[in-house]
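Shown next, in structure tokens, is the structure this report addresses.
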There are 2 protein chains.
Amino acid sequence: MLSQTEENYLKALFHLTTERASKSEVGTNELAAALNVKPATANDMLKKLKQKKLINYEKYGKISLTVAGRKQAIEVVRKHRLWETFLYEKFEFTWDEVHEVAEQLEHIHSSKLIEKLDKFLNYPEKDPHGDAIPNAKGEIKIQPGKTLLQVAIGKTCKLVAVRDNSASFLQYVVSVGLGLSCKIRVISRQEFDGTTEIEVNGKKSIVSQKFAENIYVA
Amino acid sequence: MLSQTEENYLKALFHLTTERASKSEVGTNELAAALNVKPATANDMLKKLKQKKLINYEKYGKISLTVAGRKQAIEVVRKHRLWETFLYEKFEFTWDEVHEVAEQLEHIHSSKLIEKLDKFLNYPEKDPHGDAIPNAKGEIKIQPGKTLLQVAIGKTCKLVAVRDNSASFLQYVVSVGLGLSCKIRVISRQEFDGTTEIEVNGKKSIVSQKFAENIYVA
DNA sequence: ATATAAAGTTAGGTTTATCTAACAAATTTA
DNA sequence: TAAATTTGTTAGATAAACCTAACTTTATAT
Ligand SMILES: [Mn+2]
Ligand SMILES: [Mn+2]
Ligand SMILES: [Mn+2]
Ligand SMILES: [Mn+2]
């Protein structure tokens, strides 16, 4: 059985190589940064994960998940998102509170628990942030990738998911009147730095490029 | 914040000194045995817990919980039993399955989660094994201590709780027709070794002294 | 009261996950 | 293409939880 730390490395690799899929491989530094550890620490773990045949990795080369590693990673993501949904729907947690607790709950080992949880929630397909929940077979209904930054001026779109799950970002999102399924109209955008003016339910706000990149829309 | 290991030591101390309260102090060996570690390992932890002012302990002396240590221990016990109740009542776990998963869930840190869990279960007072669940203030409606072994021959009693929480014991209990609140009639008992003959719903069984000591009755 | 046994402690290791500092390889830039 | 920068690796430490083996203290039994 994998340790919590190993599970966190696989999850991070999954996010970096598959979910935010600009590329399907990552480097040591990027992985280390995502996990808030030093590259030397990540390097040690890479050797261990390689030895366990969970990643493809050669010295000085790029890193990717093997089929076995990907399977484990998806299981952790599934648990994380099911727990977030549970906390949100059954225990009145807000969407900026669920992530932190799910980070702990995702490491509970019990297949029966996860099956029952999934059933209890009526087999949800999305978590409170709009992210897809892998099903029991590990299948993911993959979701679009367009962000608010890519929406043309004058167009209206709908918020389908948020990229960042931190409480600070989510509270910021709420403060501009946004939430899942909200309609957003793009009023203007600065060429210079991507600063974007938007309108949500009649309320106008100006948000940064970084903000816009973290809002997925359809 | 305490580590999972520290929490487990405090919980074990609580069980040994307060719940199975033949005595209010324990020794290093007994504690080590309860935690399935070697005395040398327990000794290291005792120094740490003493330094954190969670236990009273002097070299070569007996061990007891401080007020602070007891408070932490009760919180872990509360979480453990609330989770067991949750799994049993909401997720169709059997009473011999809940303990193992609760051993993991008891270490999740989130006061909001526990408050909501308690509320969701409608503030239960007992877990699936009949053990008292401490309330949010840490108060415990203490329960009787009579075991099946102490019931006189010919008398009838009711199972109120089980001492051992292992799957093997609980399955054994079920196999003789027992469960919470079941009526038990004591037919006979051997002076020699405490072997006891009982009748449950018309079904007669012969159980060992060890078995009888692990059944609490009223 | 002493010898034996039991209980408890210490010393010295291991494994996992982390770090810093120094070094090596690969990539970018001039 | 050579220098500079970035990226990645290695060596050597540390802290938490564990272990075994040896030792010390306390309790028990003659
Ligand atoms: Mn999350
Ligand atoms: Mn995690
Ligand atoms: Mn239990
Ligand atoms: Mn535990």
Side-chain angles (χ1 to χ4, degrees), chain A residues 1-13 16-17 20 22-65 69 72-73 76 103-104 106-109, chain B residues 1-13 16-17 20 22-65 69 72-73 76 103-104 106-109:
Chain A
M1 200 161 50
L2 299 177
S3 70
Q4 294 198 182
T5 307
E6 290 168 327
E7 289 187 341
N8 284 337
Y9 274 82
L10 294 179
K11 182 166 64 115
L13 283 169
L16 293 169
T17 62
R20 277 146 189 54
S22 40
K23 56 211 172 293
S24 69
E25 293 182 315
V26 244
T28 307
N29 286 5
E30 197 181 347
L31 174 62
L35 287 159
N36 267 296
V37 297
K38 302 295 165 182
T41 304
N43 187 262
D44 283 345
M45 184 58 84
L46 291 176
K47 289 174 187 165
K48 203 211 292 191
L49 294 175
K50 186 201 166 147
Q51 206 246 306
K52 290 191 174 187
K53 297 193 176 15
L54 295 166
I55 61 171
N56 303 117
Y57 164 68
E58 298 300 333
K59 213 184 188 182
Y60 293 108
K62 292 295 175 185
I63 310 149
S64 64
L65 289 166
Q72 299 268 351
V76 178
E103 283 290 303
Q104 300 176 62
E106 73 189 9
H107 301 293
I108 302 292
H109 295 292
Chain B
M1 200 159 53
L2 298 176
S3 71
Q4 294 198 182
T5 306
E6 290 168 324
E7 289 187 341
N8 283 338
Y9 274 82
L10 295 178
K11 182 165 65 112
L13 284 169
L16 292 169
T17 62
R20 276 147 189 53
S22 41
K23 55 211 173 290
S24 70
E25 293 181 315
V26 245
T28 306
N29 286 5
E30 196 181 348
L31 174 62
L35 286 160
N36 267 295
V37 297
K38 301 295 165 183
T41 304
N43 187 261
D44 283 346
M45 183 58 84
L46 291 176
K47 289 173 187 166
K48 204 210 292 191
L49 294 176
K50 188 205 163 140
Q51 206 245 305
K52 290 190 174 188
K53 295 193 184 351
L54 296 166
I55 61 171
N56 303 118
Y57 164 68
E58 298 300 333
K59 212 181 185 184
Y60 293 108
K62 292 295 175 185
I63 310 149
S64 64
L65 289 166
Q72 299 268 351
V76 178
E103 283 290 302
Q104 299 176 61
E106 73 189 8
H107 302 294
I108 302 293
H109 294 292

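Positionally, the nearest nucleotide of DNA chain C for N36(A) lies more toward the 5' end than for the other of K59(A) and N36(A). Nearest-nucleotide positions on DNA chain C place A40(A) closer to the 5' end than the other of A40(A) and Y60(A).
A close approach under 4.0 Å does not occur between any side-chain nitrogen or oxygen of N43(A) and OP1 or OP2 of dG8(D). Of the side-chain N and O atoms in T5(A), none sit less than 4.0 angstrom from OP1 or OP2 of dT16(C).
Ion pairing between K11(B) and E103(B) holds under the 4.0 Å rule for side-chain N and carboxylate O.
Set against dT10(D), dG8(D), dC18(D), the side chain of K47(A) has dT10(D) as its closest nucleotide. With dA17(C), dC19(C), dA17(D) as the candidates, the nucleotide lying closest to the side chain of K38(A) is dC19(C). Of the candidates dG8(C), dA17(C), dG8(D), the closest approach to any side-chain atom of K48(A) belongs to dA17(C). Looking at the side chain of P39(A), the nearest of the listed nucleotides dC18(D), dT9(C), dT9(D) is dT9(D). Comparing dT9(C), dT9(D), dA17(D) by their nearest atom to the side chain of S3(B) picks out dA17(D).
Annotation: the span from E30(B) atom CD to E25(B) atom CD amounts to 11.5 Å, rounded to 0.5 Å. In this structure, CG in L49(A) is found 7.5 Å from CG in L13(A), a value given to the nearest 0.5 Å.
In this entry the distance linking CG of L49(A) with C1' of dA17(C) reads 12 Å, nearest Å. Distance CG (N29(A)) to C1' (dA24(C)): 14 Å, rounded to an integer number of Å. In this structure, Q51(B) atom CD and dA16(D) atom P are separated by 10 Å, rounded to whole Å. Put simply, CD1 on I63(B) is 13 Å from P on dA7(C), counting in whole angstrom units. One can place CG of D44(A) at 13 Å from C1' of dT20(C), the figure rounded to the nearest angstrom. In this structure, CD of Q4(B) is placed 22 Å from P of dA15(D), rounded to the nearest angstrom. The NZ atom of K23(B) sits 12 Å away from the P atom of dA7(C) (whole-angstrom rounding). The separation between L2(B) atom CG and dA17(D) atom P is 10 Å, rounded to whole Å.
Residue contacts for A42(B): at a heavy-atom cut-off of 4.0 Å it reaches no nucleic acid atom on any strand shown. Across all strands shown, T41(A) has heavy atoms under 4.0 Å from base atoms, whether or not it also approaches the sugar-phosphate.
Few gaps surround NZ on K52(B); more than 12 heavy atoms of other groups in view lie less than 6.0 Å from it.
T28(A) and P39(A) make their closest contact through CG2-O, 3.7 Å (heavy atoms, listed as atom of the first residue, atom of the second, distance).
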